[in-house]
There are 2 protein chains.
Amino acid sequence: MVKRTSFEHDDCPIARSLDAIGDWWSMLIIREALFGVSRFGEFQKRLGLAKNILTVRLRALTDQGILKTAPASDGSAYQEYLLTRKGRGVFPILVALRQWSEEFDERPEEISTILVDKENGQPVRKLELYSQDGRPLGAGDTALKSRPAEKQGKRATASPSS
Amino acid sequence: MVKRTSFEHDDCPIARSLDAIGDWWSMLIIREALFGVSRFGEFQKRLGLAKNILTVRLRALTDQGILKTAPASDGSAYQEYLLTRKGRGVFPILVALRQWSEEFDERPEEISTILVDKENGQPVRKLELYSQDGRPLGAGDTALKSRPAEKQGKRATASPSS
DNA sequence: CAATCTAGTTTAATTATGCAACCATTGGAG
DNA sequence: CTCCAATGGTTGCATAATTAAACTAGATTG
């Protein structure tokens with residue numbers, strides 16, 4: 001099988017996320033949805049993708065519980081696509097992607113927008129990872145530990161495999 | 001051309017990031033690199049991808065300044081792939097992806113590892129977006145503003161297009 | 001100097017993507 | 001009530017991208 005190796009059953013959570021939303025269009029669809037886009041035609045117009053692909057992506061996102069379809073809401077009886085809680089949870093990922101581009105892109109002048117706090121119009125802070133006691137952590141300050149079984153006495157052996 | 005519409009010249013920073021690292025393998029290669037993997041064979045063994053793909057990905061990542069090749073370091077004269085500063089900057093994206101999976105995956109018991117603070121072994125905090133004055137911000141608390149021209153008097157008109 | 005490891009390249013199959021044309025439903029004009 | 005356009009898709013086909021597997025070539029080991 002040449003099939004696009006699915007990471008659905010990989011035990012690495014990064015791989016799992018990528019399996020769900022790790023393609024260009026899904027991420028951009030969620031981006032638009034976070035800005036209030038909910039109609040098929042509007043997604044299509046704003047993203048400029050082919051309708052068949054949009055159909056497939058919307059269905060996949062819906063199947064995964066990232067989007068849900070609501071009957072209508074605005075006038076005419078078509079359906080609209082709304083984010084679920086899981087879908088809204090993608091927001092930090094999009095922010096991280098945005099900030100990476102803002103910091104490292106070699107043509108930052110082509111970036112036209114900045115993300116600001118709606119309250120006062122000021123740019124948001126850079127996302128940072130903190131320890132429980134509030135120290136900022138870089139990649140080198142972290143390690144992977146085998147997950148301590150939540151309720152069951154199920155405990156894997158430690159191995160830094162992902 | 002049916003070519004995978006490149007977002008390289010899109011003015012949305014999210015699209016630009018996705019264009020650079022928005023495929024499964026690139027992201028996973030960077031994940032491994034952050035854990036110290038640097039040799040071709042090791043990437044191949046740990047990720048289980050085909051060598052030709054690894055070749056293409058490594059070259060693309062190198063061309064983009066995310067990885068750099070160093071002559072050897074450990075004994076024999078082969079080369080190794082090391083992360084640049086830009087490459088290490090991907091870390092928050094990977095953390096965001098990981099945490100999304102940890103929070104919303106419907107089979108969290110299959111996730112085998114957790115990310116911990118190396119100092120004390122405690123789990124890291126959840127990534128959160130903050131305003132300049134320290135309030136936590138959700139997607140709804142933010143807006144996009146046209147970028148205020150940095151040095152030049154180049155100013156785009158406001159439009160919430162990305 | 002033969003076997004093997006590393007780091008690829010080539011080949012050929014499978015899949016995804018994009019375009020265009022087509023179908024179905026809704027809403028309005030005549 | 002009928003026709004026409006808009007919305008929201010589905011279907012078919014050509015082409016580009018991914019992929020696994022086989023092959024290659026230089027370095028290392030025995």
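To find a chain, count down the sequence lines: A is the first, B the second, and so on, and within it residues start at 1.
As a whole-Å value, the separation of B:Q44 CD from C:dC5 P is 13 Å. Atom P of nucleotide D:dT7 and atom CZ of A:R46 are separated by 16 Å, given to the nearest angstrom. Nucleotide C:dT6 holds its C1' atom 8 Å from the NZ atom of B:K51, rounded to whole Å. Atom CG of B:L47 and atom P of C:dA7 are 14 Å apart (whole Å). The CG atom of B:L28 sits 15 Å away from the C1' atom of D:dT18 (whole-angstrom rounding). Atom CD1 in A:I29 sits roughly 11 Å away from atom P in C:dT17 (whole-Å rounding). Following rounding to the nearest Å, A:K45 (NZ) and D:dG8 (C1') show an atom-to-atom distance of 12 Å. Put simply, CZ on B:F40 is 13 Å from C1' on D:dT24, counting in whole angstrom units.
Between B:L49 and B:L28, the closest side-chain pair of non-hydrogen atoms is not below 4.5 Å. Residues A:E106 and B:K86 are in side-chain contact: their nearest non-hydrogen atoms beyond the backbone lie under 4.5 Å apart.
Contacts of A:E42 classified as side chain to side chain donor-acceptor pair (under 3.5 Å), with partners at least two apart in sequence or in another chain: none. For A:K145, the side chain to side chain donor-acceptor pair (under 3.5 Å) criterion is met by no residue, not counting sequence neighbours. Partners of A:K45 under the side-chain contact (heavy atoms from CB on, under 4.5 Å) rule, at least two apart in sequence or in another chain, do not exist in this structure. Considering only residues two or more places apart in sequence or on other chains, A:E102 meets the side chain to side chain donor-acceptor pair (under 3.5 Å) condition with A:R98. Taking B:S17 as the reference, A:L97, A:W100, A:S101 meet the side-chain contact (heavy atoms from CB on, under 4.5 Å) condition, with sequence neighbours excluded.
Rounded to 10°, the angle separating the first-five-pair axis and the last-five-pair axis of the helix from C:dC1-D:dG30 to C:dG30-D:dC1 equals 10°.
The salt bridge (Lys or Arg N to Asp or Glu O under 4.0 Å) pairs that include a residue from residues 119-130 of chain B are B:E103-B:K126, where partners are two or more places apart or lie in different chains. Residue pairs meeting the salt bridge (Lys or Arg N to Asp or Glu O under 4.0 Å) criterion with at least one member in residues 50-62 of chain B, sequence neighbours excluded, are B:D23-B:R57. Screening residues 135-144 of chain A for side chain to side chain donor-acceptor pair (under 3.5 Å), with sequence neighbours left out, gives A:D133-A:R135, A:R135-B:D117.
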**OP:** Let me see the working for A:L54 and A:I29 under side-chain contact (heavy atoms from CB on, under 4.5 Å), right down to the final yes or no.
**Re:** CA-CA 9 Å; A:L54 181 55; A:I29 287 168; 3.8 Å; yes
With a cut-off of 3.5 Å and sequence neighbours excluded, list every side-chain donor-acceptor pair involving residues 62-71 of chain B.
from, atom 1, to, atom 2, distance (Å)
B:T62, OG1, B:L58, O, 2.6
B:Q64, NE2, B:A20, O, 3.4
B:Q64, NE2, B:A60, O, 3.3

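Listed by residue number, A:R57 are the residues of residues 54-65 of chain A with a heavy-atom contact under 4.0 Å to DNA chain C.
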Check: protein-nucleotides 2-4 of chain C nitrogen or oxygen pairs below 3.5 Å:
none

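In terms of phosphate contacts, B:R39 brings no side-chain nitrogen or oxygen within less than 4.0 Å of OP1 or OP2 of C:dT6. A:Y81 has a side-chain polar atom (N or O) that falls below the 4.0 Å cut-off from OP1 or OP2 of D:dG9. For the pair B:Q79 and C:dT6, the criterion of a side-chain N or O lying under 4.0 Å from OP1 or OP2 is not met.
The residue A:F43 sits apart from the nucleic acid: no heavy atom pair falls under 4.0 Å.
Among the nucleotides D:dG8, C:dG18, C:dG8, the one closest to the side chain of A:W25 is C:dG18.
Side-chain atoms of A:N52 come within donor-acceptor range of the base of D:dG12, with a qualifying N/O pair under 3.5 Å.
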